[in-house]
Visitor: 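Sharing a structure here in structure tokens format.
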Amino acid sequence: MRQKLVVANWKMHGSLAENKQLLSDYLHQLPTLHTAQVVVCVPYPYLAQAQAMLQNSGIAWGAQNLSKDAVGPYTGEVSAAMLKDFGASYVIIGHSERATAYCESDENIATKFMQAQAHGLTPILCVGETLIEREAGVMQMVVAKQLDTIVKLHGASVFANAVVSYEPIWAIGTGLAASAEQAQSMHEFIRGKVAALDASAAASLKILYGGSVNPQNAVQLLAMQDIDGGLIGKCSLNAQEFEKICLAAA
Ligand code: PEP
């Protein structure tokens with residue numbers, strides 16, 4: 001049985017003072033959850049703070065991006081090894097807010113995925129379709145292409161040590177979550193696609209749902225067979241709401 005995983009994506013929110021409060025609230029409220037793994041993905045400058053406050057707590061931390069390169073003259077970039085220096089164990093890759101704004105190609109995302117794994121970080125690969133693509137009925141084709149780039153370059157076995165997060169772009173930050181059935185259907189498709197190439201990687205692969213998850217819809221979404229947890233944006237900035245989502249996962 002796959003353990004549920006709930007990942008907080010703080011995006012570009014917070015300050016040293018605000019994070020101190022929020023992480024203290026997390027620490028106060030979440031340790032009672034023995035059945036769900038919790039991860040907090042903070043902006044780069046706050047990795048040291050997350051490490052100092054969360055180590056030995058049972059809550060893991062990570063980043064929201066990394067460089068596709070290991071080292072070199074890449075001004076402004078942050079490498080996988082640097083994330084490891086601050087005890088990060090997860091990294092979000094290919095989030096649509098970045099992929100769109102910074103023109104990240106599927107190939108770029110696949111390279112970042114391998115950089116993460118090569119340095120012992122678990123990549124959280126975001127995939128998902130736009131509203132136009134869903135309305136045109138091509139959402140599975142779109143998600144398949146995003147996965148195929150990684151499979152073509154690196155094989156399907158890499159999914160044994162990875163997390164995939166299905167994040168329909170139309171659901172992120174809009175308050176309009178996918179229904180539990182819509183999400184389950186895509187999760188089943190993703191697992192089936194990996195299973196066709198590597199059954200054991202597919203069986204252990206955690207597939208999260210992300211996009212306007214809140215304490216109300218979390219119960220139904222997280223009860224679905226192929227939904228192994230959530231990637232939570234807005235509601236992760238409120239410790240009480242985040243705790244309720246974690247409880248729904250547990
Ligand atoms: C996200 O950005 O990954 C996300 C799911 O955001 P929200 O929960 O705010 O829709």
Side-chain angles (χ1 to χ4, degrees), residues 4-14 18-19 22 25-26 30 36-44 46 50 59-66 88 90-102 104 109 112-113 116 121-131 133-134 139 142-143 146-147 162-180 182-184 186-187 190 206-222 224 226-249:
K4 295 275 191 206
L5 172 67
V6 184
V7 180
N9 175 14
W10 283 4
K11 310 194 184 191
M12 198 175 70
H13 293 290
E18 286 169 4
N19 303 348
L22 188 51
D25 291 345
Y26 275 21
L30 300 180
Q37 164 79 62
V38 177
V39 179
V40 189
C41 289
V42 302
Y44 292 141
Y46 301 124
I59 300 175
W61 59 97
Q64 301 167 18
N65 183 38
L66 85 171
Y90 288 81
V91 59
I92 297 172
I93 290 178
H95 192 288
S96 60
E97 285 165 2
R98 290 196 53 79
T100 313
Y102 305 102
E104 286 195 284
I109 291 166
K112 289 182 175 191
F113 183 101
L121 291 158
T122 302
I124 302 171
L125 173 74
C126 298
V127 297
E129 80 286 356
T130 63
L131 186 58
E133 288 163 342
R134 176 156 283 266
M139 57 275 187
V142 170
V143 169
Q146 292 165 340
L147 296 170
V163 174
V164 171
S165 187
Y166 170 52
E167 300 218 309
I169 294 169
W170 47 271
I172 296 175
T174 59
L176 187 75
S179 68
Q182 283 173 321
Q184 166 59 27
M186 182 62 86
H187 283 226
I190 292 169
K206 285 189 183 148
I207 309 177
L208 312 183
Y209 168 77
S212 298
V213 177
N214 60 39
Q216 290 72 45
N217 60 28
V219 179
Q220 260 199 310
L221 281 162
L222 300 178
M224 302 308 276
D226 287 293
I227 301 186
D228 303 313
L231 180 54
I232 318 298
K234 185 164 171 267
C235 284
S236 69
L237 298 173
N238 177 313
Q240 281 175 355
E241 292 196 339
F242 189 59
E243 183 200 10
K244 286 183 190 148
I245 294 169
C246 293
L247 279 170

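Counting starts at 1 for both ligands and their atoms, following the listed order. Treat the numbers as computed from the prediction; the structure is a model and nothing was measured.
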Visitor: Checking Ala218 now: which residues fulfil side-chain contact (heavy atoms from CB on, under 4.5 Å) with it, not counting sequence neighbours?
Guide: Val213, Leu222, Ile245, Ala248

Visitor: Relative to the ring of His187, is the ring of Tyr209 parallel (under 30°), tilted (30 to 60°) or perpendicular (over 60°)?
Guide: tilted

Visitor: Between ligand 1 and the protein, which N/O pairs are shorter than 3.5 Å?
Guide:
residue, atom, partner, partner atom, Å
ligand 1, 2 (O), Lys11, NZ, 2.6
ligand 1, 2 (O), His95, NE2, 2.8
ligand 1, 3 (O), His95, NE2, 2.9
ligand 1, 3 (O), Glu167, OE1, 3.2
ligand 1, 3 (O), Glu167, OE2, 2.9
ligand 1, 6 (O), Lys11, NZ, 3.3
ligand 1, 8 (O), Gly233, N, 2.9
ligand 1, 9 (O), Lys234, N, 2.9
ligand 1, 10 (O), Gly173, N, 2.7
ligand 1, 10 (O), Ser212, N, 2.8

Visitor: Any pair with a residue in residues 227-240 that passes salt bridge (charged side-chain N to carboxylate O under 4.0 Å, His left out), sequence neighbours left out, goes on the list, sorted by first then second residue, please.
Guide: Arg2-Asp228, Arg191-Asp228

Visitor: List in chain and number order the residues that pass side-chain contact (heavy atoms from CB on, under 4.5 Å) with Ala180, two or more places apart in sequence or in another chain; answer none if no residue qualifies.
Guide: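 Ala180 satisfies side-chain contact (heavy atoms from CB on, under 4.5 Å) with Gln220, Leu221, Met224 once adjacent residues are dropped.
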
Visitor: Ignoring hydrogens and geometry, is there a side-chain-to-backbone donor-acceptor pair from Asp226 to Ile190 under 3.5 Å?
Guide: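 Absent.
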
Visitor: Just by modelled atom types, is the Gly128 backbone N or O under 3.5 Å from a matching donor or acceptor in the Gln146 side chain?
Guide: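 Answer holds: yes.
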
